[in-house]
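Comments concern the structure below.
Note on naming: letters A, B, ... go to the chains in the order of the sequence lines (proteins, then strands), and numbering restarts at 1 for each one.
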2 protein chains.
Amino acid sequence: MGRIKTDNNGSRKDVIVEKAAILFKEKGFKAASMRELAEVVGVEAASLYNHIKSKNELLHEICFNVANRFNHKLDELEAEEGNSLQKVEDLLRFHIDGMVHHFEEVFVCDREWKHLSEPYLSNFQNQRRSYRKRFAAIIEDGIKKKEIKKIDATTAVLIMLHAISGIESWHRSKQKIDGKELEENMIAILVGGLKK
Amino acid sequence: MGRIKTDNNGSRKDVIVEKAAILFKEKGFKAASMRELAEVVGVEAASLYNHIKSKNELLHEICFNVANRFNHKLDELEAEEGNSLQKVEDLLRFHIDGMVHHFEEVFVCDREWKHLSEPYLSNFQNQRRSYRKRFAAIIEDGIKKKEIKKIDATTAVLIMLHAISGIESWHRSKQKIDGKELEENMIAILVGGLKK
DNA sequence: AAAATACACTAACGGACGTTAGGTGAAAAG
DNA sequence: CTTTTCACCTAACGTCCGTTAGTGTATTTT
(Lines give C-alpha, C1' and ligand atoms only; values in the text may rest on other atoms or scores of the structure.)
Protein backbone atom coordinates (compact mmCIF):
# COMPACT_ATOMS: atom_id res chain seq x y z
CA MET A 1 0.00 0.00 0.00
CA GLY A 2 1.05 3.57 -0.53
CA ARG A 3 1.58 6.35 1.96
CA ILE A 4 -1.12 8.25 3.80
CA LYS A 5 -2.18 11.19 1.66
CA THR A 6 -2.12 14.50 3.52
CA ASP A 7 -3.71 17.85 2.66
CA ASN A 8 -0.16 19.21 2.53
CA ASN A 9 -0.91 21.56 5.41
CA GLY A 10 -2.05 18.90 7.89
CA SER A 11 -0.01 16.03 9.30
CA ARG A 12 -0.67 12.35 8.70
CA LYS A 13 -1.91 12.16 12.26
CA ASP A 14 -4.57 14.72 11.40
CA VAL A 15 -5.76 12.48 8.59
CA ILE A 16 -6.03 9.54 10.97
CA VAL A 17 -7.93 11.55 13.58
CA GLU A 18 -10.31 12.79 10.94
CA LYS A 19 -11.06 9.32 9.61
CA ALA A 20 -11.31 8.02 13.16
CA ALA A 21 -14.04 10.55 13.91
CA ILE A 22 -16.05 9.31 10.96
CA LEU A 23 -15.58 5.68 11.96
CA PHE A 24 -16.31 6.25 15.64
CA LYS A 25 -19.46 8.11 14.70
CA GLU A 26 -20.66 5.25 12.52
CA LYS A 27 -19.80 2.30 14.73
CA GLY A 28 -19.19 3.74 18.16
CA PHE A 29 -15.76 3.89 19.77
CA LYS A 30 -15.69 0.39 21.19
CA ALA A 31 -17.13 -1.29 18.11
CA ALA A 32 -14.71 0.43 15.75
CA SER A 33 -11.46 -1.48 15.34
CA MET A 34 -8.02 -0.27 14.50
CA ARG A 35 -7.98 -2.67 11.57
CA GLU A 36 -11.09 -1.03 10.14
CA LEU A 37 -9.60 2.40 10.69
CA ALA A 38 -6.42 1.29 8.96
CA GLU A 39 -8.37 0.14 5.94
CA VAL A 40 -10.16 3.48 5.65
CA VAL A 41 -6.85 5.29 5.96
CA GLY A 42 -5.33 2.97 3.36
CA VAL A 43 -2.64 1.32 5.43
CA GLU A 44 -2.01 -1.70 7.68
CA ALA A 45 -3.19 -1.48 11.29
CA ALA A 46 0.29 -1.60 12.76
CA SER A 47 1.36 1.35 10.62
CA LEU A 48 -1.05 3.65 12.38
CA TYR A 49 1.18 3.43 15.44
CA ASN A 50 3.91 5.38 13.67
CA HIS A 51 1.65 8.40 14.05
CA ILE A 52 -0.45 7.84 17.15
CA LYS A 53 0.16 6.38 20.58
CA SER A 54 -3.07 4.47 21.04
CA LYS A 55 -6.70 4.14 20.07
CA ASN A 56 -7.58 6.10 23.19
CA GLU A 57 -5.43 8.98 22.08
CA LEU A 58 -7.64 9.35 19.02
CA LEU A 59 -10.67 9.78 21.24
CA HIS A 60 -8.90 12.34 23.46
CA GLU A 61 -7.86 14.28 20.41
CA ILE A 62 -11.37 14.41 18.99
CA CYS A 63 -13.12 15.23 22.26
CA PHE A 64 -10.75 17.94 23.39
CA ASN A 65 -10.56 19.59 19.98
CA VAL A 66 -14.31 20.03 20.10
CA ALA A 67 -14.44 21.00 23.76
CA ASN A 68 -11.79 23.67 23.24
CA ARG A 69 -13.69 25.21 20.38
CA PHE A 70 -16.86 25.51 22.42
CA ASN A 71 -15.06 26.81 25.48
CA HIS A 72 -13.39 29.46 23.38
CA LYS A 73 -16.70 30.58 21.93
CA LEU A 74 -18.18 30.89 25.40
CA ASP A 75 -15.19 32.95 26.53
CA GLU A 76 -15.87 35.41 23.73
CA LEU A 77 -19.56 35.55 24.46
CA GLU A 78 -19.09 36.22 28.16
CA ALA A 79 -16.77 39.10 27.36
CA GLU A 80 -19.46 40.82 25.33
CA GLU A 81 -22.09 43.04 26.85
CA GLY A 82 -25.70 42.98 25.84
CA ASN A 83 -28.98 41.16 25.76
CA SER A 84 -28.94 37.70 27.37
CA LEU A 85 -31.52 36.25 25.01
CA GLN A 86 -29.36 37.38 22.11
CA LYS A 87 -26.36 35.67 23.67
CA VAL A 88 -28.28 32.45 24.07
CA GLU A 89 -29.37 32.63 20.46
CA ASP A 90 -25.81 33.29 19.38
CA LEU A 91 -24.51 30.30 21.31
CA LEU A 92 -27.27 28.08 19.97
CA ARG A 93 -26.40 29.07 16.42
CA PHE A 94 -22.79 28.21 17.11
CA HIS A 95 -23.81 24.79 18.40
CA ILE A 96 -26.09 24.18 15.46
CA ASP A 97 -23.37 25.19 13.05
CA GLY A 98 -20.93 22.82 14.74
CA MET A 99 -23.40 19.98 14.54
CA VAL A 100 -24.12 20.67 10.87
CA HIS A 101 -20.61 21.36 9.58
CA HIS A 102 -18.34 19.42 11.93
CA PHE A 103 -20.79 16.65 12.50
CA GLU A 104 -18.59 13.63 13.04
CA GLU A 105 -16.27 15.05 15.67
CA VAL A 106 -19.00 16.87 17.55
CA PHE A 107 -21.13 13.74 17.56
CA VAL A 108 -18.27 11.60 18.82
CA CYS A 109 -17.45 14.14 21.51
CA ASP A 110 -21.08 14.15 22.58
CA ARG A 111 -21.72 10.43 22.59
CA GLU A 112 -18.46 8.63 23.13
CA TRP A 113 -16.70 10.69 25.80
CA LYS A 114 -17.59 8.01 28.35
CA HIS A 115 -14.84 5.87 26.89
CA LEU A 116 -12.12 8.41 27.57
CA SER A 117 -9.49 7.04 29.91
CA GLU A 118 -8.27 8.77 33.03
CA PRO A 119 -7.15 11.41 33.67
CA TYR A 120 -8.79 12.73 30.51
CA LEU A 121 -12.20 11.48 31.54
CA SER A 122 -12.32 13.49 34.76
CA ASN A 123 -10.90 16.52 33.05
CA PHE A 124 -13.54 16.32 30.34
CA GLN A 125 -16.36 15.89 32.81
CA ASN A 126 -15.20 18.94 34.74
CA GLN A 127 -15.04 21.04 31.60
CA ARG A 128 -18.48 19.87 30.60
CA ARG A 129 -19.98 20.68 33.98
CA SER A 130 -18.37 24.09 34.00
CA TYR A 131 -19.55 24.84 30.47
CA ARG A 132 -23.13 24.08 31.35
CA LYS A 133 -22.96 26.18 34.49
CA ARG A 134 -21.70 29.13 32.49
CA PHE A 135 -24.44 28.61 29.91
CA ALA A 136 -27.03 28.43 32.70
CA ALA A 137 -25.63 31.63 34.21
CA ILE A 138 -26.39 33.50 30.99
CA ILE A 139 -29.97 32.26 31.11
CA GLU A 140 -30.34 33.14 34.77
CA ASP A 141 -29.04 36.58 34.01
CA GLY A 142 -31.71 36.86 31.34
CA ILE A 143 -34.39 35.82 33.79
CA LYS A 144 -33.21 38.40 36.30
CA LYS A 145 -33.35 41.08 33.61
CA LYS A 146 -36.86 39.92 32.63
CA GLU A 147 -35.70 39.06 29.13
CA ILE A 148 -36.39 35.37 29.62
CA LYS A 149 -39.36 33.70 31.24
CA LYS A 150 -39.03 32.19 34.69
CA ILE A 151 -37.80 28.60 34.25
CA ASP A 152 -35.14 26.39 35.74
CA ALA A 153 -31.98 27.45 33.90
CA THR A 154 -30.27 24.08 34.31
CA THR A 155 -33.21 22.32 32.68
CA ALA A 156 -33.25 24.88 29.91
CA VAL A 157 -29.58 24.23 29.16
CA LEU A 158 -30.15 20.51 29.17
CA ILE A 159 -32.99 20.88 26.68
CA MET A 160 -31.09 23.22 24.38
CA LEU A 161 -27.95 21.13 24.18
CA HIS A 162 -29.72 17.86 23.64
CA ALA A 163 -32.18 19.27 21.18
CA ILE A 164 -29.22 20.38 19.12
CA SER A 165 -27.57 17.00 19.31
CA GLY A 166 -30.76 15.80 17.64
CA ILE A 167 -29.37 17.19 14.41
CA GLU A 168 -27.89 13.73 14.18
CA SER A 169 -31.35 12.58 13.04
CA TRP A 170 -31.38 15.30 10.43
CA HIS A 171 -28.11 14.01 9.01
CA ARG A 172 -29.52 10.50 8.84
CA SER A 173 -32.83 11.50 7.27
CA LYS A 174 -33.37 11.13 3.55
CA GLN A 175 -35.30 14.26 2.74
CA LYS A 176 -33.24 16.83 4.59
CA ILE A 177 -34.55 20.34 4.75
CA ASP A 178 -31.89 22.93 4.00
CA GLY A 179 -29.30 23.49 6.75
CA LYS A 180 -30.12 27.17 7.12
CA GLU A 181 -33.80 26.40 7.33
CA LEU A 182 -33.10 23.81 9.99
CA GLU A 183 -31.23 26.41 11.98
CA GLU A 184 -34.03 28.95 11.76
CA ASN A 185 -36.63 26.39 12.81
CA MET A 186 -34.60 25.28 15.76
CA ILE A 187 -34.00 28.83 16.87
CA ALA A 188 -37.69 29.61 16.48
CA ILE A 189 -38.71 26.78 18.77
CA LEU A 190 -35.91 26.95 21.31
CA VAL A 191 -35.60 30.71 21.66
CA GLY A 192 -39.37 30.95 21.34
CA GLY A 193 -39.66 28.67 24.33
CA LEU A 194 -37.58 31.04 26.44
CA LYS A 195 -39.50 34.23 25.64
CA LYS A 196 -42.07 35.45 28.11
CA MET B 1 -22.90 -19.35 43.74
CA GLY B 2 -26.60 -19.66 44.35
CA ARG B 3 -29.51 -19.36 41.95
CA ILE B 4 -30.76 -16.17 40.36
CA LYS B 5 -33.27 -14.50 42.67
CA THR B 6 -36.56 -13.66 40.97
CA ASP B 7 -39.36 -11.33 42.05
CA ASN B 8 -41.56 -14.46 42.12
CA ASN B 9 -43.76 -13.05 39.37
CA GLY B 10 -41.00 -12.46 36.80
CA SER B 11 -38.78 -15.08 35.19
CA ARG B 12 -35.03 -15.37 35.65
CA LYS B 13 -34.65 -14.09 32.12
CA ASP B 14 -36.46 -10.91 33.18
CA VAL B 15 -33.91 -10.41 35.91
CA ILE B 16 -31.07 -10.79 33.43
CA VAL B 17 -32.65 -8.35 30.95
CA GLU B 18 -33.19 -5.83 33.72
CA LYS B 19 -29.59 -6.01 34.92
CA ALA B 20 -28.40 -5.93 31.33
CA ALA B 21 -30.21 -2.65 30.76
CA ILE B 22 -28.42 -1.12 33.72
CA LEU B 23 -25.05 -2.41 32.56
CA PHE B 24 -25.55 -1.43 28.92
CA LYS B 25 -26.57 2.04 30.02
CA GLU B 26 -23.42 2.43 32.11
CA LYS B 27 -20.84 0.97 29.77
CA GLY B 28 -22.50 0.87 26.39
CA PHE B 29 -23.53 -2.36 24.68
CA LYS B 30 -20.20 -3.20 23.12
CA ALA B 31 -18.13 -2.35 26.16
CA ALA B 32 -20.31 -4.37 28.52
CA SER B 33 -19.22 -8.00 28.76
CA MET B 34 -21.21 -11.09 29.56
CA ARG B 35 -18.78 -11.82 32.37
CA GLU B 36 -19.57 -8.46 33.95
CA LEU B 37 -23.27 -9.06 33.51
CA ALA B 38 -22.92 -12.48 35.09
CA GLU B 39 -21.23 -10.98 38.11
CA VAL B 40 -24.01 -8.46 38.60
CA VAL B 41 -26.60 -11.21 38.28
CA GLY B 42 -24.62 -13.35 40.72
CA VAL B 43 -23.75 -16.28 38.51
CA GLU B 44 -21.05 -17.55 36.13
CA ALA B 45 -21.11 -16.20 32.57
CA ALA B 46 -21.91 -19.55 30.99
CA SER B 47 -24.94 -19.95 33.23
CA LEU B 48 -26.64 -16.98 31.63
CA TYR B 49 -27.07 -19.08 28.51
CA ASN B 50 -29.55 -21.34 30.28
CA HIS B 51 -31.94 -18.39 30.07
CA ILE B 52 -30.98 -16.37 27.03
CA LYS B 53 -29.84 -17.18 23.51
CA SER B 54 -27.21 -14.49 23.08
CA LYS B 55 -25.98 -11.08 24.14
CA ASN B 56 -27.77 -9.63 21.13
CA GLU B 57 -31.05 -11.07 22.29
CA LEU B 58 -30.78 -8.95 25.43
CA LEU B 59 -30.53 -5.82 23.32
CA HIS B 60 -33.52 -6.84 21.16
CA GLU B 61 -35.54 -7.50 24.26
CA ILE B 62 -34.77 -4.11 25.77
CA CYS B 63 -35.24 -2.09 22.59
CA PHE B 64 -38.49 -3.69 21.51
CA ASN B 65 -40.02 -3.61 24.97
CA VAL B 66 -39.53 0.13 24.98
CA ALA B 67 -40.57 0.63 21.37
CA ASN B 68 -43.77 -1.33 21.92
CA ARG B 69 -44.73 0.79 24.89
CA PHE B 70 -44.31 4.00 22.94
CA ASN B 71 -46.12 2.69 19.88
CA HIS B 72 -49.01 1.63 22.03
CA LYS B 73 -49.25 5.06 23.62
CA LEU B 74 -49.29 6.69 20.22
CA ASP B 75 -52.06 4.34 19.08
CA GLU B 76 -54.18 5.48 21.98
CA LEU B 77 -53.44 9.11 21.36
CA GLU B 78 -54.33 8.96 17.68
CA ALA B 79 -57.65 7.36 18.54
CA GLU B 80 -58.60 10.32 20.71
CA GLU B 81 -60.15 13.46 19.36
CA GLY B 82 -59.21 16.91 20.47
CA ASN B 83 -56.64 19.65 20.57
CA SER B 84 -53.35 18.84 18.84
CA LEU B 85 -51.25 20.90 21.19
CA GLN B 86 -52.78 18.98 24.07
CA LYS B 87 -51.90 15.71 22.36
CA VAL B 88 -48.32 16.83 21.90
CA GLU B 89 -48.12 17.77 25.53
CA ASP B 90 -49.59 14.44 26.54
CA LEU B 91 -47.07 12.53 24.46
CA LEU B 92 -44.21 14.64 25.78
CA ARG B 93 -45.27 13.89 29.33
CA PHE B 94 -45.33 10.20 28.52
CA HIS B 95 -41.81 10.42 27.11
CA ILE B 96 -40.57 12.38 30.09
CA ASP B 97 -42.13 9.89 32.47
CA GLY B 98 -40.47 7.02 30.62
CA MET B 99 -37.12 8.73 30.77
CA VAL B 100 -37.49 9.45 34.49
CA HIS B 101 -38.97 6.18 35.71
CA HIS B 102 -37.72 3.59 33.23
CA PHE B 103 -34.46 5.32 32.62
CA GLU B 104 -32.08 2.48 31.88
CA GLU B 105 -34.09 0.66 29.26
CA VAL B 106 -35.27 3.82 27.53
CA PHE B 107 -31.72 5.13 27.44
CA VAL B 108 -30.38 1.89 26.02
CA CYS B 109 -33.13 1.81 23.40
CA ASP B 110 -32.29 5.37 22.46
CA ARG B 111 -28.52 5.10 22.32
CA GLU B 112 -27.59 1.53 21.60
CA TRP B 113 -30.08 0.42 18.98
CA LYS B 114 -27.36 0.74 16.35
CA HIS B 115 -25.90 -2.50 17.65
CA LEU B 116 -29.04 -4.51 16.98
CA SER B 117 -28.42 -7.30 14.50
CA GLU B 118 -30.49 -7.95 11.41
CA PRO B 119 -33.35 -8.37 10.86
CA TYR B 120 -34.12 -6.59 14.12
CA LEU B 121 -32.12 -3.55 13.13
CA SER B 122 -34.14 -2.82 10.00
CA ASN B 123 -37.37 -3.54 11.80
CA PHE B 124 -36.45 -1.14 14.57
CA GLN B 125 -35.43 1.59 12.16
CA ASN B 126 -38.73 1.28 10.32
CA GLN B 127 -40.70 1.51 13.53
CA ARG B 128 -38.71 4.52 14.59
CA ARG B 129 -39.23 6.31 11.30
CA SER B 130 -42.93 5.57 11.36
CA TYR B 131 -43.25 6.75 14.95
CA ARG B 132 -41.69 10.08 14.14
CA LYS B 133 -43.86 10.55 11.10
CA ARG B 134 -46.96 9.95 13.16
CA PHE B 135 -45.71 12.40 15.79
CA ALA B 136 -45.00 14.97 13.08
CA ALA B 137 -48.48 14.43 11.67
CA ILE B 138 -50.01 15.49 14.97
CA ILE B 139 -47.95 18.66 14.92
CA GLU B 140 -48.82 19.39 11.30
CA ASP B 141 -52.45 18.94 12.16
CA GLY B 142 -52.00 21.49 14.92
CA ILE B 143 -50.41 23.93 12.51
CA LYS B 144 -53.28 23.51 10.07
CA LYS B 145 -55.76 24.17 12.85
CA LYS B 146 -53.76 27.26 13.90
CA GLU B 147 -53.11 25.79 17.33
CA ILE B 148 -49.38 25.61 16.71
CA LYS B 149 -47.10 28.16 15.12
CA LYS B 150 -45.80 27.61 11.62
CA ILE B 151 -42.63 25.55 11.87
CA ASP B 152 -41.16 22.47 10.21
CA ALA B 153 -42.90 19.61 11.99
CA THR B 154 -40.06 17.14 11.40
CA THR B 155 -37.60 19.50 13.04
CA ALA B 156 -39.97 20.05 15.92
CA VAL B 157 -40.21 16.30 16.54
CA LEU B 158 -36.46 15.97 16.40
CA ILE B 159 -36.07 18.71 18.97
CA MET B 160 -38.72 17.34 21.31
CA LEU B 161 -37.44 13.78 21.33
CA HIS B 162 -33.82 14.69 21.78
CA ALA B 163 -34.53 17.32 24.38
CA ILE B 164 -36.25 14.64 26.39
CA SER B 165 -33.37 12.23 26.02
CA GLY B 166 -31.40 14.98 27.74
CA ILE B 167 -32.97 13.83 30.98
CA GLU B 168 -29.96 11.57 31.00
CA SER B 169 -27.99 14.60 32.22
CA TRP B 170 -30.54 15.20 34.93
CA HIS B 171 -30.01 11.65 36.21
CA ARG B 172 -26.27 12.18 36.27
CA SER B 173 -26.40 15.56 37.99
CA LYS B 174 -25.80 15.82 41.70
CA GLN B 175 -28.33 18.43 42.69
CA LYS B 176 -31.38 17.14 40.89
CA ILE B 177 -34.48 19.26 40.91
CA ASP B 178 -37.61 17.26 41.67
CA GLY B 179 -38.86 14.99 38.87
CA LYS B 180 -42.24 16.68 38.67
CA GLU B 181 -40.61 20.08 38.55
CA LEU B 182 -38.35 18.88 35.77
CA GLU B 183 -41.39 17.76 33.81
CA GLU B 184 -43.16 21.08 34.21
CA ASN B 185 -40.09 23.03 33.16
CA MET B 186 -39.59 20.92 30.09
CA ILE B 187 -43.23 21.22 29.11
CA ALA B 188 -43.08 24.98 29.65
CA ILE B 189 -40.16 25.37 27.28
CA LEU B 190 -41.07 22.80 24.68
CA VAL B 191 -44.80 23.43 24.45
CA GLY B 192 -44.13 27.14 24.90
CA GLY B 193 -41.92 26.98 21.82
CA LEU B 194 -44.79 25.61 19.75
CA LYS B 195 -47.39 28.19 20.73
CA LYS B 196 -48.03 31.05 18.40
C1' DA C 1 -39.92 -42.40 45.60
C1' DA C 2 -38.52 -42.19 40.93
C1' DA C 3 -37.97 -39.72 36.78
C1' DA C 4 -37.53 -35.64 34.37
C1' DT C 5 -36.35 -31.05 34.07
C1' DA C 6 -34.11 -26.74 35.24
C1' DC C 7 -30.12 -24.45 36.53
C1' DA C 8 -25.79 -24.02 38.11
C1' DC C 9 -20.77 -25.21 37.55
C1' DT C 10 -15.79 -25.81 35.24
C1' DA C 11 -13.18 -25.93 31.17
C1' DA C 12 -12.19 -24.56 26.93
C1' DC C 13 -13.01 -23.17 21.94
C1' DG C 14 -11.98 -20.02 18.20
C1' DG C 15 -11.77 -15.50 16.94
C1' DA C 16 -11.12 -10.52 17.30
C1' DC C 17 -8.90 -7.08 19.53
C1' DG C 18 -5.03 -3.44 20.64
C1' DT C 19 -0.45 -3.31 20.34
C1' DT C 20 4.74 -4.46 19.78
C1' DA C 21 8.98 -6.17 17.43
C1' DG C 22 11.78 -6.20 13.77
C1' DG C 23 12.72 -5.63 9.03
C1' DT C 24 12.59 -2.93 4.23
C1' DG C 25 12.62 0.56 1.11
C1' DA C 26 11.78 5.36 -0.07
C1' DA C 27 12.40 10.20 0.99
C1' DA C 28 15.05 13.87 3.22
C1' DA C 29 19.25 15.74 4.96
C1' DG C 30 24.17 16.15 4.92
C1' DC D 1 26.33 10.14 -3.22
C1' DT D 2 25.93 8.66 1.45
C1' DT D 3 23.62 8.65 5.66
C1' DT D 4 19.81 9.21 8.41
C1' DT D 5 15.10 9.35 9.21
C1' DC D 6 10.52 8.33 8.25
C1' DA D 7 6.65 5.50 6.97
C1' DC D 8 5.35 1.41 5.70
C1' DC D 9 5.29 -3.82 5.93
C1' DT D 10 4.63 -8.85 7.99
C1' DA D 11 4.31 -11.61 11.96
C1' DA D 12 2.97 -12.38 16.22
C1' DC D 13 2.08 -11.42 21.26
C1' DG D 14 -1.13 -11.72 25.08
C1' DT D 15 -5.81 -10.68 26.42
C1' DC D 16 -10.55 -10.57 26.41
C1' DC D 17 -14.65 -11.76 24.21
C1' DG D 18 -19.12 -14.54 23.24
C1' DT D 19 -20.33 -18.93 23.36
C1' DT D 20 -20.48 -24.30 23.63
C1' DA D 21 -19.75 -28.84 25.75
C1' DG D 22 -20.14 -31.70 29.33
C1' DT D 23 -21.20 -32.61 34.23
C1' DG D 24 -23.33 -32.46 38.64
C1' DT D 25 -27.05 -31.10 41.71
C1' DA D 26 -31.26 -29.10 43.22
C1' DT D 27 -36.06 -28.65 42.14
C1' DT D 28 -40.29 -29.98 40.05
C1' DT D 29 -43.29 -33.30 38.07
C1' DT D 30 -45.25 -37.81 37.76
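For a distance-only test at 3.5 Å, the side chain of B:N50 qualifies as a donor-acceptor partner of the base of C:dA8.
The aromatic rings of B:F64 and B:Y120 sit perpendicular to each other, their planes meeting at more than 60°, with 30° as the lower class boundary.
A salt bridge is defined here as a Lys NZ or Arg NE, NH1 or NH2 lying under 4.0 Å from an Asp or Glu carboxylate O, and B:E168 with B:R172 meets this definition. With salt bridges taken as basic N to acidic carboxylate O contacts below 4.0 Å, none links A:E147 and A:K87. With respect to B:R93 and B:E89, a salt bridge is recorded, a charged nitrogen being found less than 4.0 Å from a carboxylate O. Ion pairing between B:D75 and B:R134 holds under the 4.0 Å rule for side-chain N and carboxylate O.
Of the candidates C:dC7, C:dC9, D:dC8, C:dC9 carries the atom nearest the B:V43 side chain, counting heavy atoms from C-beta on. In the set D:dT27, C:dT19, D:dT20, D:dT27 carries the atom at the smallest distance from any side-chain atom of B:R3. In the set D:dC8, C:dT10, C:dA8, the nucleotide with an atom closest to the side chain of B:A46 is C:dT10.
Heavy-atom distances under 4.0 Å link DNA chain D to B:S54, B:K55 of residues 53-60 of chain B, given in residue order. DNA chain C is contacted by A:A32, A:S33, A:M34, A:R35 of residues 27-37 of chain A, taking any non-hydrogen atom closer than 4.0 Å.
Nearest-nucleotide assignment on DNA chain C puts the 5′-proximal partner with B:H51, out of B:H51 and A:A45.
B:C109 contributes atom SG, which lies 9.0 Å from atom CG of B:L59 (distance to the nearest 0.5 angstrom).
Judged as a ring pair (Phe, Tyr, Trp, His ring centres under 6.0 Å), and not counting sequence neighbours, the contacts of B:W113 are B:F124. Checked against ring pair (Phe, Tyr, Trp, His ring centres under 6.0 Å), A:Y131 has the following partners two or more places apart in sequence or in another chain: A:H95. Contacts of A:F29 classified as ring pair (Phe, Tyr, Trp, His ring centres under 6.0 Å), with partners at least two apart in sequence or in another chain: A:F24, A:H115.
Axis angle between the ends of the helix from C:dA1-D:dT30 to C:dG30-D:dC1, five pairs each and rounded to 10 degrees, works out to 20°.
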